[in-house]
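What follows is a set of notes on a single structure, which appears directly below.
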There are 2 protein chains.
Amino acid sequence: MREFSEGQIVKHQGARDNQIYIIKSGWAMVYTYLPGGSRQVIEVCLPGDVIGTQIAGEELAVLTAFSAWVAPAEGLPQAIAGRPSIAEFFVAAAVRRRACMTAQIVRLGQRSAADRTADFLLEVDARLRLVGLTEGDSFTLPLTQNELADLLGLTPIHMSRTLHKLRASGLISLKRQRVEILNRAAAAERIGFDPAYLGDAEDGASTESGSSSRERINQGATSYN
Amino acid sequence: MREFSEGQIVKHQGARDNQIYIIKSGWAMVYTYLPGGSRQVIEVCLPGDVIGTQIAGEELAVLTAFSAWVAPAEGLPQAIAGRPSIAEFFVAAAVRRRACMTAQIVRLGQRSAADRTADFLLEVDARLRLVGLTEGDSFTLPLTQNELADLLGLTPIHMSRTLHKLRASGLISLKRQRVEILNRAAAAERIGFDPAYLGDAEDGASTESGSSSRERINQGATSYN
DNA sequence: CGAGTTCTTGACTACTCTCAAAAGCGGTGG
DNA sequence: CCACCGCTTTTGAGAGTAGTCAAGAACTCG
């Protein structure tokens, strides 16, 4: 168990760090700088998340003072060996993490600035809700608009305008790091948000289809954006 | 070990599939459809990759007839329990997969259409190279421009124009599913591509910094795009 | 040789970026 | 307590990249 202070860079870009962090409290984020100097925030990490940054190109920084369990990744195989419940915990965390990365890819690839923003805020809301850290329909988001912009692939200028529009549309408001879901139903409906991907991954039967026409794969993509 | 035919959908969106696939030969891709009908390709999978799609929202389809080892994910903990080499294999595969997803996020968030395309093609080239499946500086890419567009978050129309420009610039050519790296050095230099993130993750010492100023985190993002 | 898919081209629209500057907020020190 | 400084956020105007609509050419396959 270790403590980290706000703004601390836990792992620098280019460094190696084979440790696993289980966040107990506080926020962090993972990002990379491109040679040109621009930054892409890969993911935002909050309490309950299990993160590990084996990847040299990623940098891990603390957003708000936080504490985490830290353990070397090498010990993981042995740790989960005979203990199904521990194995399940890590598997669930890994699946959830991947689901969030997938969501991020979809956001960046398919959505407009406003939809990206709303989608992300709804995701954070849902994730916080899972660990009981929301206050009604609002929560504190410890990200500047600059950081949000780097997360959503926008310029800070456009981020500001987008937040303005979101607020004006009466869906979600973000002011001074305070997010308020003004109209959850409408917001979720607008972007097709369904928090199911975040958790409680109960098993299901393995499914498989026999459809073997290539057209099926492509037909859906007729309406862009 | 199982065989899948071209165009087959291994797992449908919404279905559950707790299996792990180790691709022996052939290509596949993972994608999701949005409510509006647009599709985002999450990742492209090729020989040597270990894939598992526990996530209901993702669909897994075969691009070229392929064969794979298939095993239930539940058995994984036991399988890697006492066998370090097996555990390492899966860990390396998982790290590489995450690195590819990170690369995809960076592409979509920070790069122009041309750079995205070049970056992706260089990544595929490097990944194929790792498993010895390139022929000199060219390889076959079993993706239509439509699929490429859905992968890179572009419209097929713009994809076509972009490929045209890439070809004209003398960096990379893609014609009839054949990719040729015309000028690898220039292409890699242009987008800052470094294949190091893909593999051979040799361990290193854990690193950590004491820098605790928040400014450091934000200063880099002054030049957009 | 069609039929269907895939790819290309053209003209126009619009979303997002860029450049520039000012206003708001927060902390420090005189 | 107020002035000042830095960072963050906002506003305005113009440019550019990518999307949309429409149609035609090229390729694949039976």
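Sequence lines set the chain letters: A, B, ... in the order given, protein chains first and strands last, and positions in each chain run from 1.
Judged as a salt bridge (charged side-chain N to carboxylate O under 4.0 Å, His left out), and not counting sequence neighbours, the contacts of Arg190(B) are Asp115(B). Arg97(A) is linked by a side chain to side chain donor-acceptor pair (under 3.5 Å) to Glu43(A), counting only residues two or more places apart in sequence or in another chain. In this structure, Arg167(A) has no salt bridge (charged side-chain N to carboxylate O under 4.0 Å, His left out) partners at least two apart in sequence or on a different chain. For Thr134(A), the side chain to side chain contact (heavy atoms under 4.5 Å, CB included) partners at least two apart in sequence or on another chain are Asp125(A), Leu128(A), Arg129(A), Phe139(A). The side chain to side chain contact (heavy atoms under 4.5 Å, CB included) test applied to Val70(B) returns Arg2(B), Phe4(B), Gln19(B), Tyr21(B), not counting sequence neighbours. For Glu58(A), the salt bridge (charged side-chain N to carboxylate O under 4.0 Å, His left out) partners two or more places apart in sequence, or in a different chain, are Arg98(B). Residues forming a side chain to side chain contact (heavy atoms under 4.5 Å, CB included) with Glu3(B) (at least two apart in sequence, or on another chain): Ser67(B). Here Arg107(A) pairs with Asp119(A), Glu123(A) under the salt bridge (charged side-chain N to carboxylate O under 4.0 Å, His left out) rule; sequence neighbours left out.
Per the geometry, CZ belonging to Arg111(B) stands 16 Å off P belonging to dC17(C), to the nearest Å. For Leu154(B) and dT6(C), the CG to C1' distance is 17 Å, given to the nearest whole Å. Atom C1' of nucleotide dA14(C) and atom NE2 of His158(B) are separated by 14 Å, given to the nearest angstrom. Counting to the nearest Å, the P atom of dA18(D) and the CG atom of Leu108(A) are 15 Å from each other. The nearest whole Å value for the distance from the NZ atom in Lys165(B) to the P atom in dG16(D) is 13 Å. Remark: C1' of dT10(D) and CG of Leu148(A) are 16 Å apart, rounded to the nearest angstrom. As a whole-Å value, the separation of Glu147(B) CD from dT5(C) P is 14 Å. Distance Asp115(A) CG to dC15(C) C1': 12 Å, rounded to the nearest Å.
Each salt bridge (charged side-chain N to carboxylate O under 4.0 Å, His left out) pair with one or both residues in residues 153-164 of chain A, not counting sequence neighbours, would appear here, but there are none.
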For nucleotides 26-29 of chain D, which of its nitrogen or oxygen atoms have a protein nitrogen or oxygen under 3.5 Å away, and what is each distance?
residue : atom : partner   : partner atom : Å
dT28(D) : OP1  : Arg176(B) : NH1          : 2.8
dT28(D) : OP1  : Arg176(B) : NH2          : 3.3
dT28(D) : OP2  : Arg176(B) : NH2          : 3.4

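Taking the C1' atoms of five terminal pairs at each end of the helix from dC1(C)-dG30(D) to dG30(C)-dC1(D), the two resulting helix axes are inclined by 40°, rounded to 10°.
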(request) Determine, for nucleotides 7-13 of chain C in 5'-to-3' order, which nucleotides have protein heavy atoms under 4.0 Å from the base (write B), from only the sugar-phosphate (write S), or from neither (write -). (result) SBBBB--
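A salt bridge is absent between Arg184(A) and Glu189(A): the closest approach of a Lys/Arg side-chain nitrogen to an acidic carboxylate oxygen does not fall below 4.0 angstrom.
Using modelled atom types, one finds no donor on one side chain facing an acceptor on the other under 3.5 Å when comparing Thr32(B) with Arg39(B).
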